[in-house]
Q: 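Just dropping this structure here.
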Amino acid sequence: MDARQALVRLEEVLALLADLEDADRRRPVGQRRVPRSTWTFARLGLGSVRAALAPLEPGPGATYDELDALNVRAVDGFEQVEGAELLPDGWGVNAARTARRLAGRLGATPDTGMKLSLIVNGQVRKSVAVTRRASVNLDRALKVRRESIGSVSGSIDSMSVRTKPFLGLWSPRGEGRIKVDLPPQLVEAAKHALGHNAAVRGRIKRSAAGQILGMMATSIEILPAVADAPPLLGLVGADPDLTGGLSPLAYLEEVREQAR
């Protein structure tokens, strides 16, 4: 194997871990100057391309346990995408694009691909053979297959007004951070909603698997804090459909989860 190509692949593995950390730490969209965690070689076989990576120094707010979890997410994610056209759990669009680029440099068979192993206490806990199939599946998963009008609720944790304004909406329902494009007339409303829970309505772009790839906003509504909402126990009798069939306590717990 060409030594330069091997180094490029290692760099892209590190780039994938950085993208996963950005999503895990909920770093603001587009802020690539934020200090990240660093990694070291736990093993390095000179004359070969066998190498093991381990956390060196966690970035601001990160812990070693969280960095260990990134390794698990990377291996599990590649295992998922080797067999299906989807965005792996907890990856997000940026991580998926980085992984697509990495897998696109690999061969089509396990012998010409890359083997990723999760090592715990010196023992291999889990391994996955990454091939070009992962790149093909990610490419298809990242393509918009359908668009619909709807709304997504979550925390608006970042915003950019450079060239094409957009905001970062952190959804608690498993979609992770969603990039929301903004028309000029909604920029001021987005600024007021920054740091709040909000319901964003607009045209939602989804993959074939129904995963949200992005959206164009048409309206932004700041949601009231849970503490400011009317007592739910008193509302059930007024509108039996309010809780969607859930008990008041179960519904309240769901509302609290959305507000986090």
Q: Do Pro58 and Glu66 touch side chain to side chain, with heavy atoms closer than 4.5 Å?
A: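 Side-chain contact under 4.5 Å: no.
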Q: Looking at every non-hydrogen atom in both residues, tell me the closest pair between Ser219 and Leu186 and how far apart they are.
A: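 In terms of heavy atoms, the two residues are closest at N-CD1, 3.6 Å.
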Q: Do Ile212 and Leu86 share a hydrophobic cluster, counting only Ile, Leu, Val, Met, Phe, Trp and Tyr and linking them when any side-chain heavy atoms are less than 4.5 Å apart?
A: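 As far as the 4.5 Å side-chain criterion goes, Leu86 and Ile212 are not connected within one cluster.
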Q: I'd like to know if Val136 and Val144 are part of one continuous hydrophobic network [Ile/Leu/Val/Met/Phe/Trp/Tyr, side-chain heavy atoms within less than 4.5 Å].
A: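 No.
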Q: Heavy atoms only: give me the nearest Ala217-Leu182 pair and the separation to one decimal.
A: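 Closest heavy-atom pair between Ala217 and Leu182: CB-CD2, 4.1 Å.
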Q: Between Arg132 and Leu106, is there a donor-acceptor pair closer than 3.5 Å when you use the side chain of the first and the backbone of the second?
A: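 The answer is yes, because a donor-acceptor pair under 3.5 Å joins these two groups.
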Q: Less than 4.5 Å apart, side chain to side chain, heavy atoms only: is that true for Leu87 and Leu213?
A: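 Yes, side chains in contact.
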Q: Any Lys/Arg nitrogen of Arg177 or Asp22 sitting under 4.0 Å from an Asp/Glu carboxylate oxygen of the other?
A: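 Judged by the 4.0 Å cut-off on N to carboxylate O distance, Arg177 and Asp22 do not form a salt bridge.
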Q: To the closest 0.5 Å, what do you measure between CG (Leu167) and CG (Asp181)?
A: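 Taking CG in Leu167 and CG in Asp181, the distance rounds to 8.5 Å.
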Q: Can a side-chain donor-acceptor contact be found between Glu82 and Thr131 if the only test is distance below 3.5 angstrom?
A: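 Per modelled atom types, Thr131 and Glu82 side chains form a pair under 3.5 Å.
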Q: Please examine the side chains of Met159 and Val187, heavy atoms only from C-beta on, and report whether any two atoms are closer than 4.5 Å.
A: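 Touching, per the 4.5 Å side-chain cut-off.
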Q: Can you name the one residue among Arg133, Arg100, Arg140, Lys143 that meets salt bridge (charged side-chain N to carboxylate O under 4.0 Å, His left out) with Glu85?
A: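 Output: one option passes, namely Arg140.
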Q: Test your reading of the model: is there a side-chain donor-acceptor pair from Arg9 to the backbone of Arg105, 3.5 Å cut-off?
A: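 At least one qualifying donor-acceptor pair exists.
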Q: Under a 3.5 Å distance rule, please check whether Ser153 uses its side chain to pair with a backbone N or O of Ala199 as donor and acceptor.
A: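 Not confirmed, Ser153 side chain does not pair with Ala199 backbone.
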Q: I'd like to check Asp19 versus Trp91 (side-chain heavy atoms, cut-off strictly below 4.5 Å). Are they in contact?
A: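 Answer no - side chains too far apart.
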Q: Could you report the tightest heavy-atom contact between Glu21 and Ala62, atom names first, then the distance?
A: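 Of all heavy-atom pairs spanning Glu21 and Ala62, the closest is OE2-CB, 3.9 Å.
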Q: Looking only at atom types and distance, does a side-chain atom of Ser155 sit under 3.5 Å from a main-chain N or O of Trp170, one as donor and one as acceptor?
A: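 Absent.
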Q: Hey, quick one: are Leu70 and Leu138 part of the same hydrophobic cluster, counting side-chain heavy atoms closer than 4.5 Å, chains of contacts allowed?
A: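 In one cluster with Leu70: Leu138, yes.
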Q: Check the surroundings of atom CD in Glu147: do more than 12 heavy atoms from other residues, nucleotides or ligands lie under 6.0 Å from it?
A: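 Above 12, so yes.
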Q: Any link between Leu16 and Leu56 through a network of hydrophobic side chains (Ile, Leu, Val, Met, Phe, Trp, Tyr) touching at under 4.5 Å?
A: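 Leu16 does not cluster with Leu56.
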Q: Does Leu20 share a hydrophobic cluster with Val128, counting links as ILVMFWY side-chain heavy atoms below 4.5 Å and allowing steps through other members?
A: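 Leu20 and Val128: one cluster.
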Q: Please tell me if the side chains of Val93 and Lys179 come closer than 4.5 Å, counting only heavy atoms from C-beta onward.
A: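 Side chain of Val93 against side chain of Lys179, heavy atoms only: no contact under 4.5 Å found.
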Q: Just how far is it from atom OG1 of Thr38 to atom CD of Glu57, taken to the nearest 0.5 Å?
A: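 If I round to the nearest 0.5 Å, the distance is 5.0 Å.
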Q: With a sphere of 6.0 Å drawn around CD of Gln123, does it hold more than 12 non-hydrogen atoms of other residues, nucleotides or ligands?
A: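 No, not enclosed.
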Q: Would you compute the distance between atom CG of Leu142 and atom NZ of Lys205 and round it to the nearest 0.5 angstrom?
A: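 Here the interatomic distance stands at 12.5 Å.
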Q: Quick one: does Met114's side chain get under 4.5 Å of Leu102's, heavy atoms only?
A: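 With C-beta onward as the side chain, the pair touches.
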Q: Do you know the tightest heavy-atom contact between Ser117 and Val75?
A: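 So the minimum-distance heavy-atom pair works out to C-CG2, 4.4 Å.
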Q: Quick one: are Lys115 and Pro110 in side-chain contact, heavy atoms under 4.5 Å?
A: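 No, too far: nothing below the 4.5 Å cut-off.
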Q: Looking at CD1 of Ile149 and CD1 of Ile204, how far apart are the two atoms once the value is rounded to the nearest 0.5 Å?
A: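 With rounding to 0.5 Å, CD1 (Ile149) is 8.0 Å from CD1 (Ile204).
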Q: How long is the straight-line distance from CG of Leu67 back to CG of Leu17, given to the nearest 0.5 Å?
A: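 One finds 9.0 Å between CG of Leu17 and CG of Leu67.
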Q: I'd like to check Ile220 versus Val180 (side-chain heavy atoms, cut-off strictly below 4.5 Å). Are they in contact?
A: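 Sidechains of Val180 and Ile220: no contact.
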Q: Find the distance between OG1 (Thr98) and CG (Leu14) and round it off to the nearest 0.5 Å.
A: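 The CG atom of Leu14 is 11.5 Å from OG1 of Thr98, to the nearest 0.5 Å.
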